[in-house]
Amino acid sequence: MKTLLATLALLMCVSVVSPQVKKPKTQLQTSYDKVNDQTTVSFQPQKVEGKSSVKIAGHFSYPGRDLTQAVNRFGIVIYEDKEEEKHSKSEDKEKEERGPQLFVLADGARFTLALPESEPYGKETVRRTFVASPEWMEQIANAKKVELTMGDQVFALRAGTLNAFRNLVARARTTK
C-alpha cells in the first residue's frame with residue numbers, strides 16, 4: 001500500500017513538473033462590415049521562411065452576416081518587407097509590371113494562383129493578395145506538404161500555417 005501511494009505521489013509530481021507543449025492556436029477572426037453588408041473570415045498573418053521571411057494570411061468574404069452559399073474565392077495574402085521585395089521580382093519586364101506569380105506545390109500537385117493585387121501596407125511593407133479557387137484551397141488544406149514559390153523565394157508551410165488553412169476551409173464549408 002505504501003509503495004502504491006509513493007508511486008502515485010511520484011507520478012503526480014512528474015506530471016506537475018513536466019513542461020506542457022503548447023500547440024499553436026490558429027484562431028479565425030470574423031468581422032462584419034455594416035456599410036457593405038459583408039462578413040470576412042480570416043486568420044492572422046503567420047511568419048514563413050525562405051531567402052527572407054514573409055508573413056502569410058488567408059481570408060474569404062461573403063454577403064450578409066450568415067454564410068448561406070458556397071464560397072467561390074479565397075484570398076492568400078503575403079506581406080513582404082519592401083527591402084526584401086527584390087527576391088520576388090521577375091526578370092521578365094512584362095511579368096514584372098503585373099507582379100510576381102505565386103506557384104503552389106501541394107503534395108506534388110502544382111498550380112499557379114492568379115496575379116496579385118499589390119498595394120503598399122505601411123511604409124515598409126508590400127501586401128499582395130492572390131486569388132485562389134475553393135478547389136485549390138482544398139488542395140492546400142488537405143496537403144501534408146505545401147511549398148509556395150514567389151520569384152526566387154521558396155517557402156515551406158509549417159504545421160501551424162497549414163492548420164490555419166484547414167480551419168479557414170472548414171469554416172467556408174459551414175453554411176446555414
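Residues Gly64 and Thr39 come closest through the heavy atom pair O-OG1, 2.5 Å. Contact detail for Gln46 and Ala164: the closest heavy-atom pair is NE2-CB, 3.6 Å. Of all the heavy atoms in Val169 and Ala141, the pair that sits closest is CG2-CB, 3.8 Å. The two residues Ala109 and Gln139 have their closest heavy-atom pair at CB-NE2, 3.4 Å. Nearest heavy-atom pair, Ala57 versus Gln44, reported as atom, atom and distance to 0.1 Å: CB-C, 4.2 Å. The minimum heavy-atom distance linking Leu168 with Gly58 is given by the pair CD2-C, 3.6 Å.
By the ring-ring contact (aromatic ring centres under 6.0 Å, His included) test, Phe74 pairs with Phe60, sequence neighbours left out. Scored by the ring-ring contact (aromatic ring centres under 6.0 Å, His included) test, Tyr32 finds no partners at all (sequence neighbours excluded).
Interatomic distance, CE of Met150 versus CD of Gln101, reported as 12.0 Å (0.5 Å rounding). For the atom pair CG of Asn142 and CE of Met137, the computed distance is 11.0 Å after rounding to the nearest 0.5 Å. Distance check, rounded to the nearest 0.5 Å: CD of Gln153 to CD of Glu49 gives 10.0 Å. Separation of atoms CG (Asp81) and NZ (Lys55) is listed at 9.0 Å; rounding is to 0.5 Å. The CD atom of Glu80 sits 12.0 Å away from the CD1 atom of Ile56 when rounded to the nearest 0.5 Å. We find the OH-OG1 distance between Tyr79 and Thr125 to be 9.5 Å, quoted to the nearest 0.5 Å.
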Please lay out, stage by stage, how Phe43 and Asn167 fare under the test side-chain contact (heavy atoms from CB on, under 4.5 Å). CA-CA 9 Å; Phe43 64 85; Asn167 291 343; over 6 Å; no
Could you walk me through whether Leu162 and Val146 pass side-chain contact (heavy atoms from CB on, under 4.5 Å), step by step? CA-CA 8 Å; Leu162 286 173; Val146 176; 3.5 Å; yes
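In terms of modelled atom types and a separation under 3.5 Å, the side chain of Arg158 and the main chain of Lys47 share a donor-acceptor contact. With hydrogens and angles ignored, the 3.5 Å screen pairs a side-chain donor or acceptor of Asp107 with a backbone N or O of Lys144.
A single hydrophobic cluster is seen to contain both Tyr62 and Leu28, as judged by linkage of ILVMFWY side chains at heavy-atom distances under 4.5 Å, directly or through other members.
Dense packing is recorded around CZ of Arg173, with more than 12 heavy atoms of other residues, nucleotides or ligands lying under 6.0 Å away.
The one candidate from Ile76, Thr112, Val104, Leu113 that meets the side-chain contact (heavy atoms from CB on, under 4.5 Å) condition with Trp136 is Leu113. A side-chain contact (heavy atoms from CB on, under 4.5 Å) with Phe111 is found for one member of Leu102, Leu105, Ile140 and no other, namely Ile140.
Taking 4.5 Å as the limit, some side-chain heavy atom of Leu157 sits within range of a side-chain heavy atom of Phe165. Side-chain atoms of Thr129 and His59, non-hydrogen and from C-beta on, do get closer than 4.5 Å to each other.
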